[in-house]
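Here is the structure we will look at.
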Amino acid sequence: MSRILLVEDHDRLAQLMCKGLMAAGIAVDVVDRIDTAWAAVQQMSYQALVLDRGLPDGDGLILLQKVRNADLGVPCLVLTARDALHDRVEGLDAGADDYLPKPFAMDEMVARVRALLRRPVTFHSLDSCRGDLMLRPEVGALCCDDECVTLAPSELHIMQLLLDKHEEVVRRSALEAAAWGLSEAVTPNALDVALHRIRRKLLAIGSCQRIVNVKGLGYVLREDDASE
């Protein structure tokens with residue numbers, strides 16, 4: 001299932017949009033501030049952003065500019081009550097892929113998001129390599145030399161984040177957010193179960209990489225001879 005980030009501070013509108021998107025099979029995380037949205041984008045591999053301009057902590061285009069400055073190609077639909085030509089041009093110049101003025105029909109909003117999801121995305125869409133491992137997100141596979149194993153979506157997102165962070169320790173909360181999103185309730189041991197499955201799969205394909213628990217801090221991907 002595709003997952004998008006909706007940045008909208010109007011609670012009722014956000015609820016209606018979530019309902020329409022989820023009915024179309026699109027999972028949604030909802031935040032209402034630029035700073036919260038930026039933290040979410042850094043943790044998650046979203047397939048699209050739906051971004052309101054009028055937010056409590058500033059113009060939503062500030063977030064979009066940060067995303068583009070970080071070379072993240074995730075497509076973005078900008079929502080705004082401003083319908084002047086220069087406002088639309090300003091949004092597109094900031095890196096928006098599409099622009100939808102308020103008020104809008106929910107069916108049109110869903111159709112535009114679907115169109116964005118069909119576009120090729122450079123954000124976390126390329127193969128990731130580390131040591132003897134290659135993660136292939138487009139087919140959901142983790143490979144070591146000629147041996148490959150299929151990963152569940154949650155496992156895929158966990159491995160993507162660990163590979164992207166290299167030697168950096170990743171907090172438990174960040175791995176949970178990457179695997180299941182910010183809005184989905186997660187049981188206390190869900191991450192432990194997912195990590196156990198991934199560790200078994202790493203052994204099955206003969207990789208030297210191990211997921212190491214750094215006590216009190218989080219998890220990191222290291223060579224087999226690294227000590228916990």
Side-chain angles (χ1 to χ4, degrees), residues 1-5 27 29 31 35-49 66-67 69-74 120-228:
M1 177 184 288
S2 297
R3 180 175 293 277
I4 72 166
L5 179 66
D29 286 340
V31 297
D35 53 0
T36 311
W38 176 236
V41 167
Q42 292 177 294
Q43 290 185 9
M44 292 286 294
S45 301
Y46 290 109
Q47 281 73 55
L49 302 180
K66 293 179 74 169
V67 169
N69 288 340
D71 291 328
L72 302 179
V74 56
V121 183
T122 58
F123 180 70
H124 282 191
S125 63
L126 300 178
D127 294 348
S128 296
C129 299
R130 169 110 186 261
D132 58 5
L133 284 179
M134 174 179 285
L135 185 67
R136 302 181 59 198
E138 75 283 358
V139 294
L142 181 65
C143 301
C144 176
D145 297 327
D146 295 330
E147 297 293 326
C148 292
V149 66
T150 300
L151 297 181
S154 58
E155 299 166 1
L156 178 66
H157 290 306
I158 288 168
M159 281 303 302
Q160 180 80 72
L161 184 55
L162 289 170
L163 285 164
D164 287 351
K165 292 298 183 180
H166 300 294
E167 294 292 337
E168 183 180 342
V169 176
V170 183
R171 292 190 177 276
R172 185 182 184 90
S173 58
L175 289 173
E176 289 176 338
W180 297 284
L182 300 175
S183 304
E184 194 168 328
V186 180
T187 58
N189 67 337
L191 180 62
D192 298 317
V193 172
L195 289 172
H196 176 71
R197 290 198 302 261
I198 297 171
R199 284 171 169 144
R200 291 182 63 181
K201 291 178 180 182
L202 287 170
L203 290 171
I205 59 176
S207 174
C208 294
Q209 299 290 328
R210 297 290 180 264
I211 298 174
V212 176
N213 181 6
V214 182
K215 193 168 291 187
L217 295 176
Y219 298 86
V220 64
L221 199 63
R222 290 179 180 162
E223 294 286 345
D224 191 26
D225 58 356
S227 59
E228 296 194 14

Any side-chain heavy atom of [X] sitting closer than 4.5 Å to one from [Y]?
{"X": "D132", "Y": "Q209", "result": "yes"}
{"X": "L5", "Y": "V74", "result": "no"}
{"X": "V170", "Y": "I158", "result": "no"}
{"X": "R210", "Y": "L203", "result": "yes"}
{"X": "V214", "Y": "R222", "result": "yes"}

Considering all heavy atoms of both residues, which atom of C143 and which atom of I205 are nearest to each other, and what is their separation?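 Smallest heavy-atom distance, with atoms named: C-CD1, 4.1 Å.
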For W38 and A70, work out which heavy atoms get closest and say how close.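 The answer is CH2-CB, 4.0 Å.
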Would you find a donor on one side and an acceptor on the other, under 3.5 Å apart, between the side chain of [X] and the backbone of [Y]?
{"X": "Q43", "Y": "A178", "result": "no"}
{"X": "K201", "Y": "T150", "result": "yes"}
{"X": "E147", "Y": "C144", "result": "no"}

Have a look at L162 and tell me which of I211, I198, V169, L135 forms a side chain to side chain contact (heavy atoms under 4.5 Å, CB included) with it. I211
Run the side-chain contact (heavy atoms from CB on, under 4.5 Å) check on L221 and L133 step by step: do they pass? CA-CA 11 Å; L221 199 63; L133 284 179; 4.2 Å; yes
So for atom CZ, which belongs to R172, do other residues, nucleotides or ligands contribute more than 12 heavy atoms lying within a distance under 6.0 Å?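 Buried by this count: over 12 neighbours within 6.0 Å.
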Looking at D146, I'd like to know if its CG atom is crowded, meaning that more than 12 non-hydrogen atoms belonging to other residues, nucleotides or ligands lie closer than 6.0 Å.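 Atom CG in D146 is not packed in, count stays at 12 or less.
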Rounded to the nearest 0.5 Å, how far apart are CG of L175 and CE of M159? 10.5 Å
For L151 and R136: C-alpha separation, side-chain torsions, deciding distance, then whether side-chain contact (heavy atoms from CB on, under 4.5 Å) applies. CA-CA 10 Å; L151 297 181; R136 302 181 59 198; over 6 Å; no
Charged N-O contact under 4.0 Å between D35 and K66: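 No salt bridge links D35 with K66.
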Apply side-chain contact (heavy atoms from CB on, under 4.5 Å) to the pair Q160 and D164, showing each step before the final yes or no. CA-CA 6 Å; Q160 180 80 72; D164 287 351; 3.2 Å; yes
